[in-house]
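For the single chain, residues carry numbers from 1 onward in sequence order.
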Amino acid sequence: MKTREQALIDIRRRGETVCGWARDHGFNPRLVRAVIYGYVKGKWGESHKIAVALGIKDGVIETEN
C-alpha cells in the first residue's frame with residue numbers, strides 16, 4: 001500500500017494531473033483530490049473505490065452486474 005503522498009507522486013511521475021487520472025478512471029476529480037489530501041477518508045462508497053484504485057487502501061471494488 002502507498003501513502004497519500006506516494007499516490008500523488010505516482011500520478012505526477014506519469015505526467016498526469018489528478019483531474020486527468022480521475023477522468024481516466026471514471027471518478028469525480030474533486031472527490032479524488034479530497035481523498036488524496038485527506039479531507040475524505042475513503043471508508044465507504046465512491047471514496048472507498050478511489051482509495052483502493054490509488055493503492056492507498058487495501059480493499060475490493062465490487063462491480064454491479
Side-chain angles (χ1 to χ4, degrees):
M1 289 196 327
K2 303 175 195 175
T3 65
R4 294 172 191 280
E5 184 176 289
Q6 288 170 329
L8 181 58
I9 289 169
D10 285 349
I11 289 171
R12 290 181 177 164
R13 185 177 296 135
R14 290 189 300 271
E16 294 182 277
T17 63
V18 172
C19 288
W21 184 91
R23 287 187 196 109
D24 290 347
H25 290 84
F27 297 123
N28 179 311
R30 284 185 153 189
L31 189 53
V32 171
R33 284 191 184 281
V35 171
I36 287 175
Y37 292 110
Y39 300 121
V40 175
K41 302 302 177 196
K43 291 184 178 183
W44 52 78
E46 196 72 9
S47 64
H48 164 80
K49 293 176 185 177
I50 291 167
V52 172
L54 286 168
I56 61 176
K57 180 180 179 183
D58 186 33
V60 176
I61 299 174
E62 293 288 329
T63 57
E64 294 181 26
N65 292 330

Next on the checklist: Tell me if the CD atom of Glu5 is crowded by more than 12 foreign heavy atoms within 6.0 Å.
Outcome noted: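 No, not enclosed.
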
Next on the checklist: Quick check on Asp58: does its CG atom have over 12 non-hydrogen neighbours (other residues, nucleotides or ligands) under 6.0 Å away?
Outcome noted: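 No - once you tally the heavy atoms of other residues, nucleotides and ligands closer than 6.0 Å, there are 12 at most.
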
Close side-chain approach of [X] and [Y], heavy atoms under 4.5 Å:
X     : Y     : value
Arg13 : Asp10 : yes
Leu54 : Ile11 : yes
Asp24 : Glu16 : yes
Val18 : Leu8  : yes

Checklist entry - How close do Gly42 and Ser47 get, heavy atom to heavy atom, and via which atoms? => result CA-OG, 3.3 Å

Item to check | Shortest non-hydrogen contact between Pro29 and Ala22, atoms and distance | outcome: CA-CB, 3.6 Å

Item to check | Heavy-atom donor-acceptor pair, His48 side chain to Ile61 backbone, under 3.5 Å | outcome: no

Checklist entry - Does the Arg4 side chain pair with the main chain of Val35, one donor and one acceptor, at a distance under 3.5 Å? => result yes

Checklist entry - Roughly how far, to the nearest 0.5 Å, is CD1 of Ile36 from CD1 of Ile50? => result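 Interatomic distance, Ile50 CD1 to Ile36 CD1, rounded to 0.5 Å: 8.5 Å.
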
Checklist entry - Angle class for the Tyr39/Tyr37 ring planes (parallel below 30°, perpendicular above 60°, tilted otherwise)? => result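 Tilted, since the angle between the ring planes falls between 30° and 60°.
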
Item to check | In one Ile/Leu/Val/Met/Phe/Trp/Tyr side-chain cluster, 4.5 Å: Val32, Val52 | outcome: no

Item to check | Verdict with reasoning, Glu46 to Asn28, per side chain to side chain contact (heavy atoms under 4.5 Å, CB included) | outcome: CA-CA 9 Å; Glu46 196 72 9; Asn28 179 311; over 6 Å; no

